[in-house]
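In what follows, a structure is listed as structure tokens, so that the remarks can point back to it.
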2 protein chains.
Amino acid sequence: MEIYKNEKRQRYLEEYSIGYLFAFPIEEFLEVHEYKRDEWIIQEGTRPDFLFYVIEGKAKIYVTHQNGKVSLINFINEEDFFGEMELLNPIYYTKGVQASTKTVCFAIPFHRCRARMLEDATFLRELAKFLSVKSTQMAAKYTQSLSFPLENRLADFILQSADGEVYKEKHVTVCDFLGVSYRHLLYVFAQFCDKGYLQKEGRHYRILQPKELNGLARVLMNE
Amino acid sequence: MEIYKNEKRQRYLEEYSIGYLFAFPIEEFLEVHEYKRDEWIIQEGTRPDFLFYVIEGKAKIYVTHQNGKVSLINFINEEDFFGEMELLNPIYYTKGVQASTKTVCFAIPFHRCRARMLEDATFLRELAKFLSVKSTQMAAKYTQSLSFPLENRLADFILQSADGEVYKEKHVTVCDFLGVSYRHLLYVFAQFCDKGYLQKEGRHYRILQPKELNGLARVLMNE
DNA sequence: TCCATAATATGAGATATCTCATATAATTGT
DNA sequence: ACAATTATATGAGATATCTCATATTATGGA
């Protein structure tokens with residue numbers, strides 16, 4: 001982890017201004033942290049000292065179950081907060097957060113800003129919106145996972161995460177995210193190839209029939 | 001649906017004061033609504049005109065999928081909000097809310113209070129806390145549903161919802177909530193009876209070995 | 001460059017869960 | 001009080017998904 005100082009910090013503060021998210025002057029409190037790919041930003045089970053706001057990069061929220069299984073709860077993208085659970089709730093089992101690419105965040109120290117943030121209607125409104133969207137998404141994922149086979153959820157995921165017509169996510173990550181075994185994931189990929197929806201190219205897949213995938217994905221939707 | 005007026009309304013305002021959740025005087029805007037068991041408080045797909053706060057009773061949030069399956073997303077209990085998604089998000093697919101018992105709510109009209117609520121740090125802080133807990137619970141349910149068989153989740157549900165040592169939820173509701181077929185739910189109930197954890201009494205079940213159920217439920221936990 | 005590790009791949013057998021059919025019992029509205 | 005609806009119950013067969021074993025192929029670090 002690297003903390004940007006002086007001019008470098010200043011450059012980020014100017015380029016990615018988040019002053020509009022707060023009614024009080026936040027800039028002076030902001031630290032700018034950079035994390036390398038695969039670095040753990042928050043350790044599972046250990047309360048963080050900061051509220052984070054992602055400005056560049058991507059991260060993943062993980063939880064480990066008692067049986068050893070690991071779930072990828074969600075992706076964190078640019079302009080997302082994390083650490084907000086610990087800001088709001090004195091008691092909370094902290095989930096692990098891992099950078100999936102090089103990731104730069106604003107880190108807002110709790111000890112200096114908690115009180116101010118919790119009094120700031122502008123910030124709280126943004127945070128409530130963010131949380132409401134997050135909660136809605138989780139609810140959607142939950143009910144979809146119970147109501148549809150992997151086929152549908154995978155079709156959706158492929159379309160969401162494809163780069164143009166090329167899909168290149170790692171299978172191991174996707175297993176944790178969609179909550180299925182590696183074996184089963186590959187079965188369904190093989191089916192999609194058999195049916196001609198996808199074509200394997202090295203370790204990537206080319207989307208040949210987006211319409212077919214779309215048909216499978218569409219049945220999930222409501223929200 | 002019945003709207004309480006005058007003295008009856010007044011009595012509820014005094015007995016269940018929620019003034020502390022707001023920095024501005026909310027009482028004058030509060031309507032008190034009573035819904036009968038099984039009545040729909042919010043129609044799926046139809047935006048409500050109120051933010052609701054439950055003071056007596058219980059309700060359920062439902063969503064209908066394209067394939068006709070219905071999911072019970074969550075229960076709403078006393079002191080919970082609902083309709084907050086519509087307060088915060090201009091675009092949102094509204095879920096259905098149905099009273100499971102006679103339910104009395106405070107109903108806060110959007111058209112008179114939205115602006116004030118969205119400026120009120122006290123209220124927004126409470127709402128953010130509520131949403132963070134909700135979102136955490138959904139995430140937990142999601143990952144649990146993908147990581148553990150019904151056996152574990154049902155054991156947890158039985159212990160959570162039992163009245164002393166008697167369990168008396170309706171199977172049909174529980175299917176929607178745990179996202180499994182009626183058939184499978186009954187299989188697992190039958191197993192629990194075989195193993196002596198439960199004993200059927202008429203249409204209820206008596207919990208004979210709470211410790212065993214606890215063992216099954218415990219593996220879910222982290223949060 | 002080489003080794004250890006992580007990721008991909010595939011088969012075989014088990015099991016968790018679903019669908020459909022059908023029967024009976026309870027509940028509700030008229 | 002009766003008919004219609006809703007909830008409970010059970011069997012049989014299908015399928016979605018998992019576990020485990022085992023290869024092969026990439027990848028990152030000393």
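Reminder, nothing fancy here: chain letters follow the sequence lines and each chain counts from 1.
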Value in whole Å for how far the C1' atom of D:dA7 lies from OH of B:Y205: 12 Å
Separation of D:dA7 P from B:L186 CG (nearest whole Å): 13 Å
Could you grab the distance from atom [atom1] of [X] to atom [atom2] of [Y], nearest 0.5 Å is fine?
X: B:L154; Y: B:F177; atom1: CG; atom2: CZ; answer: 11.5 Å
X: B:D156; Y: B:L213; atom1: CG; atom2: CG; answer: 10.0 Å
X: B:H65; Y: A:N152; atom1: NE2; atom2: CG; answer: 11.5 Å

Of residues 146-160 of chain A, the positions that come close to DNA chain D - non-hydrogen atoms, cut-off under 4.0 Å: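 By residue number: A:P149, A:L150.
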Test of understanding: with side chain to side chain donor-acceptor pair (under 3.5 Å), list the residues that count as partners of [X], not counting sequence neighbours.
X: B:T94; value: B:E86
X: B:N214; value: none
X: B:E201; value: B:R206
X: A:Y197; value: none

Modelled atom types, side-chain donor and acceptor of B:N89 and A:S132, under 3.5 Å: yes
Polar contact flag, side-chain donor to acceptor under 3.5 angstrom, A:D176-A:S71: no
Measure all distances between protein nitrogen or oxygen atoms and nitrogen or oxygen atoms of nucleotides 23-27 of chain D, and list the pairs falling under 3.5 Å.
none

Geometric cation-pi criterion, A:R183 with A:Y187: 6.0 Å, 45°: yes
Residue pairs fulfilling salt bridge (charged side-chain N to carboxylate O under 4.0 Å, His left out) with at least one residue in residues 30-42 of chain B, sequence neighbours excluded: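 Qualifying pairs, neighbours excluded: none.
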B:K134: salt bridge (charged side-chain N to carboxylate O under 4.0 Å, His left out) partners, not counting sequence neighbours: B:E84
Range on DNA chain C touched by chain B, heavy atoms, distance below 4.0 Å: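 Span of nucleotides near chain B: C:dA16 to C:dT28.
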Side chain to side chain contact (heavy atoms under 4.5 Å, CB included) against B:I73, all qualifying residues, sequence neighbours excluded: A:A139, A:T143, B:I61, B:V63, B:K95, B:M138
Close side-chain approach of B:K195 to B:E212, heavy-atom, < 4.5 Å: no
Contact check, side chains of A:W40 and A:Y35, non-hydrogen atoms, under 4.5 Å: no
Degree of bending, the helix from C:dT1-D:dA30 to C:dT30-D:dA1 (end axes from five pairs; round to 10°): 60°
Selection: residues 163-180 of chain A, any non-hydrogen atom under 4.0 Å of DNA chain C: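 Those residues whose heavy atoms fall under 4.0 Å from DNA chain C, taken from residues 163-180 of chain A in numerical order, are A:K170, A:H171, A:V172.
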